[in-house]
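Contents: one structure, followed by commentary.
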Amino acid sequence: MEKHSSVSLRLPPPAEGQGAGVELLAESRLARASAELASSRMRSLQSLTLALSGALTPEDVARAVVVEAVRTLEAQTGALYLMNATGTSMEMVHTVRCPPAIEAAFTHVPVNAAHVPVAVAVSTRAPLWITDLASMAERFPEAAEAARPESGDVSIACLPLFSRDRTVGCLAFIWGRAHDFDAEERAFIDMLAQQATMALERARLLAAERTQVERVGLLQHATAVLATSLDLGHTLRGVALGLVPTLGDFCIIDVLGPDHEVRRTFHAATPECAGLLAASRWHPPERPGTPICSLASGLPSFHPDVDAAWVEATACGPEQLALLRALAPTSWLSVPLETPEGVLGALTLGHGMSGRHHTEEDLALAVELARRASAAVQNAHLFHQTQQALQLRDEFLAIASHELNTPLTALKLQLSRLRRMSSDGDVRERTTSAVQQVDRLGRLVRELLEVAHLSEGRLHLTPEPVDLVDVCRAVMARFTEERERAGATLFLHATSAVPGRWDHARVDGMVTHLVSNALKYGLGRPVEVEVTCIPGDLARLVVRDRGIGIPAEQLAHLFQRFGRAVPLRHYGGFGLGLWFSRQVVEAHGGHIHLESSPGLGTTVTVELPRTPESP
């Protein structure tokens, strides 16, 4: 594209009699030059519009605007400043041919810097036109000294970029000569500023949309991590990992444990920062009114723009001061992990090496993350307390079972001896009933002991050659008295031996529970036990009764501990038989299945590998 930003005409002095014609010729040439300049500027605006249509970030917009404006205006230097998130300063994001001295002095410009032209233009929201070095030195001596050329003059134009009530930034141009800005040139530069403002706003909205999508994804990820496990350390590490670098260059999560000790989880963007945090510990703030970690105050601590002076004024104690000096934060926020019972911890985020600053949106997101993390921490604490309670319960059951077995055995021996020695029929009948109750109590005690062992993961198997048919015969023989009391008949269907390698005691206990349940709920009707070999080197055991049956809605929890389908007042027991049977079957690599209908009875099917794999 051709350069037609300015035109200079040199005309020969008019000869006598030719004055009017020469003036007309000069005016014609000036008009043509003005038209060409206007056409060039229009082409420049079109070119800029095309370039801005593909600019998706503020940096892309700044590059396109500054390059095109410097080319069209034939300026020596151009720069575009953007306002920071807090609205307190501007950052130079792109320049063309900017002298190192100016770039070093004015890269970061506070908005209230009255000695800097771009700051004055932004604070007054009016363009600033400086036509020569003398004017600049009179009003801005420091800036004039930095921009002073070795020879010649200088002029400056500063255009604030604002949209409605929001200041976006500032455009600045420098010419290496004195320069009068006529109305047309000022209008053209103002149009460039408007184009830049609209493009920057569009880029800001796109960035905000991308940020919002990223925040939603971050919140979903953190929620998923918090819900995956009750291992508090693992989940909090996952959360900290996901927050860096989106919400901070480092993340610290302090949690008050059940023992009232503070445990710290952290993640950082660099190994050096991670090393500093690894060596740090949480210390209660010593200075009132300067909270760094919300664990102490229980209130959010939001400092979007901090510096070394803030570190010196806020740190409490030499260790914390040394840590903050090393981290060199530019922004800091901390929010509490709260529950109705009190503060459980704090989520702290900071920017450092990136130079970024937190926003109100960052604070809102951190508060929501802290709310969800609080629920996870509380759940983990409750789970820990529940595990402790279960451990105490299982220890009590194990001790109680062992302690009860000894007097029960002695009592049964005494009752059996009394029954043998007595010739009185009534005494013999009563002692027989007492022995039966002692046997029943002994079985309940053994069930409690099994619960304790299985809860501790102590179901150890000792496989040995076992005939499942023999086991069933032995179990059924032990139920002679119970069968007679129930008025039921026990049938064993087995055409041949069904050998396998199983833990004899465990399999015997499993068959005992299944037969006992069939007699208990069988309404005195026949109970059938069937043992067969089936393809796949499996042994199948089927225990079938024709009793009360089980409603369909009760089947799902029957294999759980203490699962019951009938009222306790009508049928005794702990509801552990099917649960224990399932543990034994699955420990042998088999599976157990139950089918039942109310009034038609229940069928329990067990399939066991005859040669189970070694554990």
Side-chain angles (χ1 to χ4, degrees), residues 219 221-244 247-248 250-268 273-288 290-301 314-324 327 332-350 365-396 455-457:
L219 192 59
H221 170 76
T223 303
V225 169
L226 290 170
T228 54
S229 172
L230 288 172
D231 180 349
L232 189 59
H234 172 75
T235 55
L236 292 183
R237 279 193 297 273
V239 171
L241 185 65
L243 297 184
V244 176
L247 279 187
F250 54 86
C251 172
I252 304 169
I253 305 177
D254 292 309
V255 173
L256 192 64
D259 54 359
H260 301 290
E261 288 291 328
V262 176
R263 291 171 173 80
R264 169 163 287 180
T265 303
F266 62 88
H267 183 65
C273 185
L276 292 170
L277 293 174
S280 69
R281 293 179 298 168
W282 184 84
H283 297 280
E286 299 172 357
R287 300 181 184 180
T290 58
I292 290 180
C293 178
S294 294
L295 180 58
S297 65
L299 300 172
S301 177
T314 306
C316 46
E319 292 185 13
Q320 193 176 82
L321 179 60
L323 173 64
L324 290 178
L327 293 175
W332 189 278
L333 73 84
S334 183
V335 291
L337 308 183
E338 293 182 288
T339 67
E341 291 75 27
V343 178
L344 293 179
L347 168 65
T348 303
L349 295 156
L365 180 58
V367 169
E368 179 60 25
L369 285 168
R371 186 183 68 82
R372 303 188 184 198
S374 299
V377 171
Q378 193 172 25
N379 289 340
H381 286 174
L382 291 174
F383 177 73
H384 177 72
Q385 294 170 4
T386 302
Q387 291 295 98
Q388 287 184 321
L390 289 174
Q391 184 178 356
L392 290 174
R393 183 206 64 187
D394 293 337
E395 290 175 357
F396 169 78
S455 298
E456 296 172 4

[atom1] of [X] to [atom2] of [Y]: how many Å apart, nearest 0.5 Å?
X	Y	atom1	atom2	answer
L299	S334	CG	OG	10.5 Å
R264	I253	CZ	CD1	11.0 Å
L219	R372	CG	CZ	4.0 Å
F250	T348	CZ	OG1	8.5 Å
T314	L321	OG1	CG	10.0 Å

Determine whether [X] and [Y] make a side-chain contact, defined as any pair of heavy atoms from C-beta on separated by less than 4.5 Å.
X	Y	answer
L327	C273	yes
L243	L347	yes
L344	L256	no

Partners passing side-chain hydrogen bond (donor to acceptor under 3.5 Å, both in side chains) against [X] (at least two apart in sequence or in another chain):
X	answer
S301	H303
E341	T339, Q378
T265	none
R237	none

Under the 3.5 angstrom rule, does the side chain of Q320 hit a backbone N or O of C316 as a donor-acceptor pair? yes

Specify the closest pair of heavy atoms between [X] and [Y], including all atoms of both residues, with the distance to one decimal.
X	Y	result
A366	L349	CB-CD1, 4.3 Å
P336	P300	CD-N, 3.9 Å
L295	G345	CD1-CA, 3.4 Å
E338	S374	N-OG, 3.0 Å
A315	L324	CB-CD1, 3.9 Å
L232	A376	CD1-O, 4.3 Å

Listed partners of [X] passing side-chain contact (heavy atoms from CB on, under 4.5 Å), at least two apart:
X	value
H221	V225
H267	A240, L241, V244
A373	L226, L337
Q385	L382

